[in-house]
**Student:** 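Handing you this structure, nothing more for now.
Note that the numbering runs from 1 along the sequence shown for the chain.
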Amino acid sequence: MSFPSELARQYIDGEWLTGNGAWDIIDFNPYNGEKLCSVTVATAAEVDLAYRAAERAQREWAAVSPYGRRAVLENAVRLVGERSGEIVELIIDELGGTRAKAEYEVRAALEFLHEAVGQAIRPVARLLPSAADGKENRVYRLPVGVIGVISAFNFPFLVTMKTVAPALALGNAVVVKPHQNAPIAGGGLVARIFEDAGLPAGLLNVTITDSAEIGDSFIQHPVPKVISFTGSDVVGRHVAAVAAGQFKRTVLELSGNSALVVLEDADLDHAVRAAVYSRFLFQGQVSMAANRILVDRSVEKDFTERFTAAVAALRSGDPRDPDTRIGPVISAFQAEALTALVDGAIEAGATALVRGRTRGNLVEPTVLTGLPEGSPLLEQEIFGPVALLVPFGGEDDAVRLVNDSPYGLSGAVHTADAERGVRFARRIRGGMFHVNGATVQDDPAVAFGGEKRSGMGRLNGEAAVEAFTTRKWISVQHGRTVFPF
């Protein structure tokens with residue numbers, strides 16, 4: 001399949017347009033450096049056009065029958081299913097993820113689309129009692145109107161779809177700003193699917209641009225009532241501050257520093273497999289990835305031997321090779337930063353149990369241990385294939401170490417006693433925690449999000465309904481009220 005460079009344009013009010021910005025975003029294949037396409041960036045004026053188109057189109061869309069909206073979502077499900085092979089190839093080319101990663105992303109996006117089909121026709125009103133005689137209280141859930149979506153590069157098709165699909169199903173319009181490392185998978189591709197699914201013009205717009213061109217206009221624009229952002233906590237803090245100044249609601253899915261905990265009674269082989277997956281999926285460029293792998297000292301030696309052997313066996317290389325487990329990181333800048341990070345940790349006294357080489361954008365896996373408590377490396381998000389092994393002495397010590405982080409996104413604990421695992425999970429200050437599983441998990445029906453610097457708000461299922469609708473109270477008085485004057 002050739003790369004769909006025809007999607008490398010702005011999509012505004014149902015038209016594919018060339019941007020009017022002063023420079024181009026160049027989309028490269030991160031594995032071989034091949035130029036895939038170039039996109040002339042959108043200006044602030046084009047962002048305005050996109051939001052105004054969304055505002056106009058949303059008024060009519062909100063009045064469409066929920067079954068009419070559902071039909072469009074059903075068409076999108078069918079199209080993604082029919083085109084899944086092409087989408088997988090596109091994701092491999094644009095992101096450098098392995099085939100297994102790309103196939104997972106497409107399957108997950110399909111599940112979120114299926115969920116949105118149901119969301120379109122779920123009840124959106126409640127009848128509540130009143131203390132006053134003859135009065136009824138109706139609480140309606142109405143679309144917020146227009147939603148601005150700032151997507152990420154790591155799972156761009158999935159991340160964009162999991163916001164766009166429920167937002168449209170609930171009667172909203174959307175303007176998407178995809179990450180400039182994934183303008184097609186996170187932007188143009190999603191627009192094409194909904195265009196072909198019969199979505200009316202203006203309801204979904206894609207502006208491929210950067211803050212260097214448009215400043216904060218995407219967030220500050222008066223039309224969007226909700227900004228949904230996925231990315232780093234540093235940028236997320238800025239998004240939240242700007243949006244709050246405009247009285248906008250935000251849904252922020254931000255950085256993580258997840259821990260996978262291995263208690264003394266864990267099934268070590270299973271825990272090793274979960275830890276390898278949790279740390280090295282998509283080269284570790286996942287906010288839910290297990291930065292820290294905490295192991296009870298009583299099983300530390302055994303676990304470490306098995307884990308390092310499994311990591312050393314991971315094959316790095318061409319993401320199109322079905323045997324490849326570690327493809328390239330997204331850019332040369334990221335590869336150089338990760339290499340410097342590991343070199344600095346070793347110079348500061350850490351021990352490399354596995355030391356991967358860096359070849360271009362290929363960063364082979366590294367496993368470090370011996371980091372002193374309080375090391376900055378233990379407190380930051382590492383967006384790459386670097387695992388930190390940390391021993392602990394007993395369950396209370398493990399809880400303390402997990403919570404000793406400014407982040408609180410995901411995590412996992414492995415134990416032979418599932419209810420012990422649940423008790424452990426309840427003590428962790430974070431949004432998601434999994435017993436005997438991986439730290440990297442998502443489910444269309446379950447609230448997804450973090451605490452502390454890992455974000456605000458939740459997505460998926462009923463949480464998406466909460467995020468993309470607003471409540472309106474309408475009371476009806478049957479009979480006549482006696483007023484005091």
**Student:** Between Ala310 and Val272, which heavy-atom pair has the shortest distance, and what is it?
**Tutor:**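 Looks like CB-CG1, 4.0 Å.
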**Student:** Would you confirm whether Tyr31, through its side chain, and Arg320, through its main-chain N or O, come within 3.5 Å as a donor-acceptor pair?
**Tutor:**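 No, the answer is negative, given that no donor and acceptor are paired below the 3.5 Å cut-off.
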**Student:** In sequence, state the C-alpha distance, the side-chain angles, and the governing distance for Phe229 and Val149, and then conclude on side chain to side chain contact (heavy atoms under 4.5 Å, CB included).
**Tutor:** CA-CA 6 Å; Phe229 171 79; Val149 178; over 6 Å; no
**Student:** Hey, is the main chain of Thr324 close enough, under 3.5 Å, to the side chain of Thr98 for a donor-acceptor pair?
**Tutor:**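 No, the answer is negative, given that no donor and acceptor are paired below the 3.5 Å cut-off.
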**Student:** From Leu204 CG over to Trp61 CH2, what is the distance, rounded to the nearest 0.5 angstrom?
**Tutor:**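 CH2 of Trp61 is found 11.0 Å from CG of Leu204.
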**Student:** Cut-off 3.5 Å, side chains only: do Tyr407 and Asp233 have a donor facing an acceptor?
**Tutor:**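 Side-chain D/A pair, Tyr407 to Asp233: present.
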**Student:** Do Thr469 and Val124 have side-chain heavy atoms sitting under 4.5 Å apart?
**Tutor:**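 No, their side chains stay 4.5 Å or more apart.
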**Student:** Scan side-chain atoms only and decide if Asp442 and Asn460 contain a donor-acceptor pair under the 3.5 Å cut-off.
**Tutor:**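 Short answer, yes.
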**Student:** Does Asn257 form a side chain to side chain donor-acceptor pair (under 3.5 Å) with Glu379? I'd like the steps, not just the answer.
**Tutor:** CA-CA 7 Å; Asn257 182 22; Glu379 297 182 359; over 6 Å; no
**Student:** Heavy atoms only: give me the nearest Val251-Ala467 pair and the separation to one decimal.
**Tutor:**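 Minimum heavy-atom separation between Val251 and Ala467: CG2-CB, 3.9 Å.
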**Student:** Under 6.0 Å from the CD atom of Glu60, do we count more than 12 heavy atoms belonging to anything else shown?
**Tutor:**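 Counting other residues, nucleotides and ligands, CD of Glu60 stays at 12 neighbours or fewer.
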**Student:** Looking at every non-hydrogen atom in both residues, tell me the closest pair between Val329 and Pro30 and how far apart they are.
**Tutor:**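 Here Val329 and Pro30 meet closest at O-CB, 3.6 Å.
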**Student:** Can you confirm whether the side chains of Asn154 and His179 place a donor and an acceptor under 3.5 Å from each other?
**Tutor:**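 No donor-acceptor contact under 3.5 Å links the two side chains.
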**Student:** Go through it in stages, so that I can follow the logic: the residues are Glu55 and Lys225, the test is salt bridge (Lys or Arg N to Asp or Glu O under 4.0 Å), and I'd like the CA-CA distance, side-chain angles, deciding distance and then a yes or no.
**Tutor:** CA-CA 11 Å; Glu55 184 179 40; Lys225 304 307 179 199; over 6 Å; no
**Student:** Taking the six-membered ring of Phe448, is the NZ or CZ of Lys162 close enough (under 6.0 Å from the centre) and on axis enough (within 45°)?
**Tutor:**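 Yes, Lys162 and Phe448 form such a contact.
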**Student:** Once rounded to the nearest 0.5 Å, what's the spacing between atom OG of Ser84 and atom CD of Glu89?
**Tutor:**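 Rounded to the nearest 0.5 Å, the OG-CD separation comes out at 10.5 Å.
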**Student:** Could you check whether the rings of Phe155 and Phe282 sit parallel, tilted or perpendicular, using 30° and 60° as the cut-offs?
**Tutor:**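 Because their plane-to-plane angle is over 60°, the rings of Phe155 and Phe282 count as perpendicular.
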**Student:** Does the Lys35 side chain pair with the main chain of Asn29, one donor and one acceptor, at a distance under 3.5 Å?
**Tutor:**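 Not a single qualifying donor-acceptor pair exists.
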**Student:** When rounded to the nearest 0.5 angstrom, what distance separates NE2 in His414 from CD1 in Ile293?
**Tutor:**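 The distance works out to 10.0 Å.
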**Student:** Evaluate the ring planes of Phe383 and Phe153, with Trp represented by its six-membered ring, and classify them as parallel (under 30°), tilted (30 to 60°) or perpendicular (over 60°).
**Tutor:**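 Because their plane-to-plane angle is over 60°, the rings of Phe383 and Phe153 count as perpendicular.
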**Student:** Indicate yes or no for a side-chain donor-acceptor contact from His434 to the backbone of Gln441 under 3.5 Å, with no hydrogens or angles considered.
**Tutor:**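 A pair under 3.5 Å: no.
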**Student:** Could you grab the distance from atom OG1 of Thr43 to atom CD of Gln10, nearest 0.5 Å is fine?
**Tutor:**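 Answer for the OG1-CD pair, Thr43 versus Gln10, is 8.5 Å.
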**Student:** Find out whether Pro406 and Arg453 are in side-chain contact, i.e. whether some heavy atom of one side chain is under 4.5 Å from a heavy atom of the other.
**Tutor:**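 Result yes, sub-4.5 Å side-chain heavy-atom pair found.
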**Student:** Test side chain to side chain contact (heavy atoms under 4.5 Å, CB included) on Val276 and Leu314; report intermediate values, then the result.
**Tutor:** CA-CA 9 Å; Val276 171; Leu314 293 174; 4.0 Å; yes
**Student:** Taking the side chain as every heavy atom from C-beta outward, state whether Val206 and Pro178 have any pair of such atoms under 4.5 Å apart.
**Tutor:**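 Val206 reaches Pro178 side chain to side chain.
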**Student:** Do Asp27 and Val39 have side chains that get closer than 4.5 Å, going by heavy atoms?
**Tutor:**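 Side-chain contact under 4.5 Å: no.
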**Student:** When rounded to the nearest 0.5 angstrom, what is the spacing between CD in Glu253 and CD1 in Ile150?
**Tutor:**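 The CD1 atom of Ile150 is 13.0 Å from CD of Glu253, to the nearest 0.5 Å.
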**Student:** Applying side chain to side chain donor-acceptor pair (under 3.5 Å), can you list everything that pairs with Arg126, at least two apart in sequence or on another chain?
**Tutor:**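 For Arg126 there are no side chain to side chain donor-acceptor pair (under 3.5 Å) partners, ignoring immediate neighbours.
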**Student:** Using a 3.5 Å distance criterion without hydrogens, assess whether the side chain of Lys177 forms a donor-acceptor pair with backbone atoms of Phe218.
**Tutor:**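 Checking the backbone N and O of Phe218 against the side chain of Lys177, no donor-acceptor pair under 3.5 Å is found.
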**Student:** After noting the C-alpha distance and the side-chain angles of Ile184 and Cys37, does the key distance pass the side chain to side chain contact (heavy atoms under 4.5 Å, CB included) rule?
**Tutor:** CA-CA 9 Å; Ile184 309 303; Cys37 63; 4.2 Å; yes
**Student:** Quick one about Asn436 and His270 (side-chain donor to acceptor, distance below 3.5 Å, no hydrogens or angles considered), yes or no?
**Tutor:**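 Result is no, nothing qualifies.
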**Student:** Whether the side chain of Lys248 engages the backbone of Gly245 through a donor-acceptor N/O pair (distance < 3.5 Å, no angle test) should be reported.
**Tutor:**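 It does not hold such a pair.
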**Student:** Is a side-chain donor or acceptor of Arg279 paired with a backbone partner of Gly284 at a separation under 3.5 angstrom?
**Tutor:**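 Yes, Arg279 side chain to Gly284 backbone: donor-acceptor pair under 3.5 Å.
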**Student:** Between Asp321 and Arg99, does at least one N-O distance fall below 4.0 Å, as a salt bridge requires?
**Tutor:**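 A salt bridge is absent here (no side-chain N lies under 4.0 Å from a carboxylate O).
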**Student:** Should Arg458 and Glu451 count as an ion pair when the cut-off is N to O under 4.0 Å?
**Tutor:**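 Salt bridge flag = yes for Glu451 with Arg458.
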**Student:** Take Glu466 and Arg141, measure what salt bridge (Lys or Arg N to Asp or Glu O under 4.0 Å) needs, and give me the verdict at the end.
**Tutor:** CA-CA 9 Å; Glu466 182 73 27; Arg141 279 198 172 275; 2.5 Å; yes
**Student:** Heavy-atom distance under 4.5 Å between the side chains of Leu170 and Val465, does that happen here?
**Tutor:**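 Yes, their side chains come closer than 4.5 Å.
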**Student:** Under 3.5 Å, is there a donor-acceptor pair between the side chain of Ser258 and the main chain of Ser410?
**Tutor:**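 Yes, Ser258 side chain to Ser410 backbone: donor-acceptor pair under 3.5 Å.
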**Student:** Which pair of heavy atoms, one from Leu260 and one from Ser278, lies closest together, and at what distance?
**Tutor:**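 Looking at all heavy atoms of both residues, the shortest contact is CD1-OG, 3.7 Å.
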**Student:** Does the side chain of Arg52 come within less than 4.5 Å of Val223's, by heavy atoms?
**Tutor:**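 Side chain of Val223 against side chain of Arg52, heavy atoms only: contact under 4.5 Å found.
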**Student:** Let me know which of Gln283, Arg357, Arg359 forms a side chain to side chain contact (heavy atoms under 4.5 Å, CB included) with Ser316.
**Tutor:**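 Exactly one pass, corresponding to Arg359.
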**Student:** Assess the residue pair Asp196 and Arg78 against the criterion (salt bridge (Lys or Arg N to Asp or Glu O under 4.0 Å)); give the C-alpha distance rounded to whole Å, side-chain angles, the decisive distance to 0.1 Å, and a yes or no.
**Tutor:** CA-CA 11 Å; Asp196 292 349; Arg78 175 180 55 80; over 6 Å; no
**Student:** Using only atom types and a distance under 3.5 Å, with no angle test, would you say the side chain of Thr366 pairs donor to acceptor with the backbone of Val386?
**Tutor:**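 No; zero donor-acceptor contacts below 3.5 Å.
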**Student:** Any heavy-atom pair between the side chains of Leu168 and Arg69 that's under 4.5 Å?
**Tutor:**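 No. Closest side-chain heavy atoms not under 4.5 Å.
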**Student:** Where do Val176 and Val190 land on the side chain to side chain contact (heavy atoms under 4.5 Å, CB included) test, with the steps shown first?
**Tutor:** CA-CA 10 Å; Val176 176; Val190 177; over 6 Å; no
**Student:** Considering only heavy atoms from C-beta outward, does the side chain of Val146 approach that of Asn172 to under 4.5 Å?
**Tutor:**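 Contact flag for Val146/Asn172 side chains = no.
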**Student:** With a 6.0 Å cut-off (strictly less than), is the heavy-atom count around CZ of Arg471, excluding the residue itself, greater than 12?
**Tutor:**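 At most 12 heavy atoms, drawn from other residues, nucleotides or ligands, come within 6.0 Å of this atom.
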**Student:** Any side-chain donor paired with an acceptor under 3.5 Å for Ser255 and Ser287?
**Tutor:**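 Not at all, the side chains of Ser255 and Ser287 share no donor-acceptor pair under 3.5 Å.
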**Student:** Might you point out which heavy atoms bring Asn361 and Ala335 nearest each other, and give the distance in Å?
**Tutor:**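 Smallest heavy-atom distance, with atoms named: CA-CB, 4.1 Å.
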**Student:** Spell out, as yes or no, whether a donor-acceptor pair under 3.5 Å connects the side chain of Glu105 to the backbone of Phe157.
**Tutor:**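 Confirmed, Glu105 side chain pairs with Phe157 backbone.
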**Student:** For Ala50 and Thr207, which heavy atoms make the closest approach, and how far apart are they?
**Tutor:**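 For Ala50 versus Thr207, the nearest heavy atoms are CB-CG2, 3.8 Å.
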**Student:** How many angstroms lie between CG in Asp93 and CG in Asn32, if you round to the nearest 0.5 Å?
**Tutor:**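 Output value for this atom pair is 8.0 Å.
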